[in-house]
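Position 1 is the first residue of the sequence; numbering continues from there. Order of listing sets the numbers, starting from 1, for every ligand and every atom in it.
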Amino acid sequence: MNAYVKRVAENLQSKYPWEKEFLQAATEVLESLSPVMDKEPKYEKYGILERIVEPERIIIFRVPWKDDKGNHNVNIGFRVQFNSAIGPYKGGIRFHPSVNLSILKFLGFEQIFKNSLTGLPMGGGKGGSDFDPRGKSDNEIMSFCQSFMTELFRHIGNDTDVPAGDIGVGAREIGYLFGQYKRLANEFTGVLTGKNVKWGGSLIRPEATGFGVVYFTQEMLKTKGDSLKNKTVAISGFGNVAWGAATKATELGAKVVTISGPDGYVYDKDGIAGEKIDYMLEMRSSGRDKVQDYADKFGAEFHAGKRPWEVKVDIALPCATQNEVNGDDARNLIKNGCICMTEGSNMSSTPEAIEAFLNNAEKIMFSPGKASNAGGVATSGLEMSQNSMRYSWTEEEVDAKLQQIMKNIHKACLDASEKYSKKGNYVDGANIAGFLKVADSMIEQGLV
Ligand code: 2IT
């Protein structure tokens, strides 16, 4: 490994030993950059690696709110403004009890490279709260969102930082957050993306992450002269990303046989299509956060407490959360003849799983989330453009731009992997292609 990379990685590990997820994300990127540092000494000269692993700013705040019984509650709110070299901070907000600074730093860090890969002018950021939306009433969600935005609004803006949704934050939450921002700032502006189309949202934004995952899969398969037609697909999760991926994969002739939730996974041998895909939305909006309801309703198999990676499929699309595919899962997928693993969630795979995939590159192709799930934030970028123009593109226009962006990302990853690593290593390709534009922009803007 390059000595500069090693020094920065070790320093980071001793500085933040408790930030497990952040160290995992940062170490992966730093290792990918080793051949770049060997060839280009300017990055060491300008201290780019030390700078890029530290957020420009972190905001942490108290979020007091009242539940329906009149009890007072307090949660923690965060916004990690990681890097603004190529545009305003951009990235989602996550509401989940597991949220802490390590998770938001990992997500914000990944977002820097992902946003760079889209080719659109967006910096990297992420925010959220340890608030648990499960079982909360609509009124409680609104009360929480309003309190969260009452502090956050002074730190964001359409030219400063533009949040969006993530786990636990969908169209409803974006509505309450936007309403409160508008009230406090007294301006109607594109300060959040993922808005309803009636008030400034973009067509295709709800579908975009999942569609992008499938478009990227299509590009990967094309390099082997293959397609999605008649392939079986395992999807995990049942939220926004899983829903979009199931819709597009089915449309392109594949058969989706699994979805999953915190309670286990559903195996539907007949394929999850049509009204069964719509039912995912119903399960999501119920706020119960479980998928057994699907098995009960449609008579499919339910495997309690398990993940879908034990099913024999051609393609795996993890669309739930970080580290949802471990080394054993990866070896299982490979053993069962899976030929393509495209991450829909951020950092779906553990380092051990990634190692297994890369060591079996002749059997399985692997793409990291920061490349293959970039369609969501890319379409957020298109929403920002439409808001700035005060204009809306049609569904066909947005979808065509999204497809082109996913193709461009795929090509950028392949080209960078060929130049610096091994052609087809999408992990190195994504990290390097995403890094170069941000790093050069940082040098050009001086010591900031
Ligand atoms: O992880 C992600 O890229 C997102 N949650 C979407 C971020 C965005 O700003 O649309």
Side-chain angles (χ1 to χ4, degrees), residues 21 25 78-84 86-96 99 103-129 152 156-158 160-171 173-174 177-178 190-196 200-213 216 237 239-245 318-322 324 342-348 367-387 398 401-402 405-406 409 430 434:
E21 294 83 2
F78 302 88
R79 186 73 183 164
V80 179
Q81 298 182 331
F82 224 118
N83 193 298
S84 63
I86 62 167
Y89 310 109
K90 180 83 196 87
I93 291 177
R94 177 176 292 191
F95 291 165
H96 192 270
V99 162
I103 289 189
L104 294 181
K105 277 178 70 178
F106 122 62
L107 289 164
F109 186 71
E110 293 268 300
Q111 204 82 42
I112 303 171
F113 307 99
K114 184 196 312 197
N115 294 3
S116 165
L117 284 168
T118 66
L120 301 172
M122 300 182 289
K126 201 85 186 191
S129 173
L152 187 67
I156 61 175
N158 64 341
T160 311
D161 183 354
V162 182
D166 193 79
I167 293 170
V169 178
E173 290 73 19
I174 293 294
L177 292 165
F178 182 75
V191 66
L192 293 161
T193 61
K195 301 185 291 297
N196 190 296
S202 174
L203 290 162
I204 305 289
R205 178 63 190 89
E207 294 88 344
T209 314
F211 277 21
V213 171
F216 199 92
N240 171 264
V241 185
W243 164 75
C319 298
T321 194
Q322 69 272 357
E324 54 168 315
T342 320
E343 290 189 349
S345 47
N346 292 307
M347 202 168 77
S348 323
S367 162
K370 66 168 78 69
S372 38
N373 78 19
V377 73
T379 308
S380 278
L382 300 176
E383 181 171 333
M384 290 167 73
S385 304
Q386 294 170 82
N387 291 164
V398 179
K401 289 181 203 302
L402 169 63
I405 290 171
M406 297 315 295
I409 297 174

> Taking all atoms of both residues into account, what is the closest heavy-atom pair of Thr118 and Ile405, and its distance?
Replying inline: O-CG2, 3.7 Å
> Which heavy atom in Val162 sits nearest to a heavy atom in Lys90, and how many Å separate them?
Replying inline: O-NZ, 2.7 Å
>> Please check: side-chain N/O of Thr379 versus main-chain N/O of Arg205, any donor-acceptor pairing under 3.5 Å?
In response: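 Checked: no pair found.
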>> Under a 3.5 Å threshold, yes or no: a donor from one side chain and an acceptor from the other, between Gln81 and Asp161?
In response: yes
> After noting the C-alpha distance and the side-chain angles of Leu402 and Ile204, does the key distance pass the side-chain contact (heavy atoms from CB on, under 4.5 Å) rule?
Replying inline: CA-CA 9 Å; Leu402 169 63; Ile204 305 289; 4.2 Å; yes
Taking a 3.5 Å cut-off between nitrogen or oxygen atoms, can you list every pair linking ligand 1 to the protein, with distances?
from, atom 1, to, atom 2, distance (Å)
ligand 1, 1 (O), Lys114, NZ, 3.1
ligand 1, 1 (O), Lys126, NZ, 3.0
ligand 1, 1 (O), Asn346, ND2, 3.1
ligand 1, 3 (O), Gln111, NE2, 3.0
ligand 1, 3 (O), Lys114, NZ, 2.7
ligand 1, 5 (N), Lys126, NZ, 3.4
ligand 1, 5 (N), Gly165, O, 3.1
ligand 1, 5 (N), Asp166, OD1, 2.9
ligand 1, 9 (O), Lys90, NZ, 2.6
ligand 1, 10 (O), Arg205, NH2, 3.0
ligand 1, 10 (O), Ser380, OG, 2.5

>> Going by salt bridge (charged side-chain N to carboxylate O under 4.0 Å, His left out), name the residues that satisfy it together with Lys126, two or more places apart in sequence or in a different chain.
In response: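 Partners of Lys126 by the salt bridge (charged side-chain N to carboxylate O under 4.0 Å, His left out) criterion, ordered by chain and then number, come out as Asp166.
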